[in-house]
Amino acid sequence: MTTNPASPAIPVATDLQDERLIRTEGFKGAVKVGINRVRGGDLGVLPIIVGLLVIWTIFQLLNPFFLSSANLVNLLLESAAVGVIALGIVCVLLVGEIDLSVGSVSGLSAAIVGVTFVKQDWPVGLAILAAIAVGAAIGLLYSFVYTKFGVPSFVITLAGLLGFLGLQLFVLGVEGTINLPFDSFLVWFGQQAFVPVWLSYVLAVLGVAGFFLSQLSLSRQRVKAGLSGRPMRLVVVQTIVLAVILLFAVWYLNQARGVGWMFVFFAALVLVMHYAFTRTKWGRSVYAVGGNREAARRAGISVNRIYVSIFMLCSTFAAVGGILAAGRLAASAQSSGTGDVNLNAIAAAVIGGTSLFGGRGSAFSALLGILVIQSISSGLTLLNLESSFRYMITGLVLLLAVILDAVSRKSRTSHGRA
């Protein structure tokens, strides 16, 4: 058997020794499997969780306002737009490729929404659909050049970074900035839309119930395949821990403005992509192509179709992220998608645990990674430090994440879990 790349920290049997442990010792065996995986280099989300706790502890000690409910509400809202873009980067990194143009594509989508909605009086829904369609078309163009001519994705998307930045400036015209109406749905969604208190608890309970049912379903599937199912005690413990975390988070955020709908939308996209990566044939094919392209081709996987879908998803998520950012700022400007948007999206995916070598990572990498980056940004802002410190600290965290990935990869190889 092979390691499940989507969730390497979950104690599922990956070899005969793990299988025997779970079958004979149940819950204790599953715990031992998890510990053995960590020792073997399958760290999962553990480094990111520890890193977040360290970052939050340091900034809270330096400024007690950092972990206040009001600041955390803002932190989550600021995370959503770039987090959606980072979700697209996770997709493309899983197949061992890269997209350097997501910032420019997000800026172009914001410009399209601004021009069509404000200048040409299109309905806001139609303007959004047009921008998303352009993003998907850009991904299709990338995949065509990549699969037909074999041009490296680095070069294709670098050209796209420059080309679509120029197109963004052309679309905006001489004005350079288009303000979106404050009474529009897009601005309301980005700035003022919060989940009602009662509904936020309902969503949290539904999330916990969905997790519990998915674990039961996965366990039954494994039993049908003749493998060990997850011990019920383990599933119950995981469910209780998740319930406590989600319900406390919802209660704490509701002490201020509550949970923003924009962040809920981002979290929903993460869950959808997690399901697609872990429970569909397409998702298994993505990991197979990222792990070994030639082996995937010989196994009958349509490698080119996987690349087409991945590049289109990445650019589409970039377009959606650009639209969310425009709503958050209430404007489409020449600066949209520029600055550190590109680098933060890529850094979030890598810091969150997606491997640069392909074949390892999950949709939750985007969520965890952007929380790390936004926490650093928010903490330094509260301390009135210049942005230069944010760049240096984020770069250091990114370097540490890549080093950890490389070391873990060597450790997995030495333990026969690569």
Side-chain angles (χ1 to χ4, degrees), residues 78 80-89 91-92 98-146 151 153-181 184-187 189-191 262 311-348 370 387:
E78 294 295 337
V82 180
V84 172
I85 301 174
L87 187 57
I89 293 294
C91 295
V92 79
I98 190 64
D99 188 338
L100 301 177
S101 69
V102 288
S104 296
V105 174
S106 70
L108 175 60
S109 68
I112 291 173
V113 167
V115 170
T116 55
F117 175 45
V118 177
K119 297 296 183 181
Q120 300 183 6
D121 294 323
W122 286 21
V124 64
L126 184 59
I128 291 173
L129 288 176
I132 293 175
V134 170
I138 290 172
L140 182 61
L141 174 63
Y142 287 164
S143 64
F144 175 79
V145 176
Y146 180 82
V151 180
S153 59
F154 178 91
V155 177
I156 300 171
T157 57
L158 182 59
L161 182 154
L162 299 173
F164 293 120
L165 175 58
L167 184 56
Q168 172 189 346
L169 301 179
F170 175 79
V171 170
L172 288 172
V174 294
E175 293 184 21
T177 300
I178 300 175
N179 294 321
L180 302 180
S184 65
F185 167 80
L186 194 55
V187 176
F189 187 75
Q191 297 183 359
M262 191 161 72
F311 279 114
M312 289 185 68
L313 271 175
C314 184
S315 292
T316 300
F317 281 133
V320 173
I323 295 169
L324 294 177
R328 181 70 180 151
L329 297 174
S332 301
Q334 292 180 345
S335 60
S336 298
T338 59
D340 57 1
V341 172
N342 223 25
L343 297 179
N344 278 348
I346 297 173
I370 197 59
S387 59

Next item on the list: Measure up the Tyr146 and Phe311 rings against each other and bin them: parallel (under 30°), tilted (30 to 60°), perpendicular (over 60°).
Entry: tilted

Is it the case that the side chain of [X] and the backbone of [Y] share a donor-acceptor pair, with hydrogens and angles ignored and the cut-off at 3.5 Å?
{"X": "Ser143", "Y": "Leu140", "result": "yes"}
{"X": "Gln191", "Y": "Arg328", "result": "yes"}
{"X": "Ser101", "Y": "Gly160", "result": "no"}
{"X": "Ser336", "Y": "Gly107", "result": "no"}
{"X": "Gln334", "Y": "Gln168", "result": "no"}
{"X": "Ser109", "Y": "Ala319", "result": "yes"}

Point-to-point distance, once rounded to the nearest 0.5 Å, from [atom1] of [X] to [atom2] of [Y]:
{"X": "Phe317", "Y": "Ile132", "atom1": "CZ", "atom2": "CD1", "answer": "10.5 Å"}
{"X": "Phe170", "Y": "Phe164", "atom1": "CZ", "atom2": "CZ", "answer": "14.0 Å"}
{"X": "Leu100", "Y": "Leu158", "atom1": "CG", "atom2": "CG", "answer": "6.0 Å"}
{"X": "Ile112", "Y": "Leu172", "atom1": "CD1", "atom2": "CG", "answer": "10.0 Å"}
{"X": "Leu126", "Y": "Asp121", "atom1": "CG", "atom2": "CG", "answer": "12.0 Å"}
{"X": "Ser104", "Y": "Asn342", "atom1": "OG", "atom2": "CG", "answer": "6.5 Å"}

Checklist line | Verdict with supporting geometry, Thr338 and Leu165, side-chain contact (heavy atoms from CB on, under 4.5 Å) | finding: CA-CA 8 Å; Thr338 59; Leu165 175 58; 3.9 Å; yes

Next item on the list: Take Val102 and Asp99, measure what side-chain contact (heavy atoms from CB on, under 4.5 Å) needs, and give me the verdict at the end.
Entry: CA-CA 6 Å; Val102 288; Asp99 188 338; 3.9 Å; yes

Please find the pair of heavy atoms, one from [X] and one from [Y], that lie closest to each other, and give the distance.
{"X": "Ala333", "Y": "Thr177", "value": "CB-OG1, 3.7 Å"}
{"X": "Val84", "Y": "Gly321", "value": "CG1-N, 3.9 Å"}
{"X": "Ala86", "Y": "Ala348", "value": "CB-CB, 3.9 Å"}
{"X": "Pro181", "Y": "Phe117", "value": "CD-CE2, 3.7 Å"}
{"X": "Gly135", "Y": "Ser315", "value": "O-CB, 2.9 Å"}
{"X": "Val113", "Y": "Ala127", "value": "CG2-O, 3.8 Å"}

Note to self: Using side-chain heavy atoms (C-beta onward) and a distance below 4.5 Å, is Glu78 in contact with Met262?
What the structure shows: no

Margin query: Evaluate Leu186 against Leu180 for side-chain contact (heavy atoms from CB on, under 4.5 Å), listing each step before the verdict.
Written below: CA-CA 8 Å; Leu186 194 55; Leu180 302 180; 3.9 Å; yes

Next item on the list: Would you check, one step at a time, whether the test side-chain contact (heavy atoms from CB on, under 4.5 Å) holds for Ile138 with Leu108?
Entry: CA-CA 11 Å; Ile138 290 172; Leu108 175 60; 4.0 Å; yes

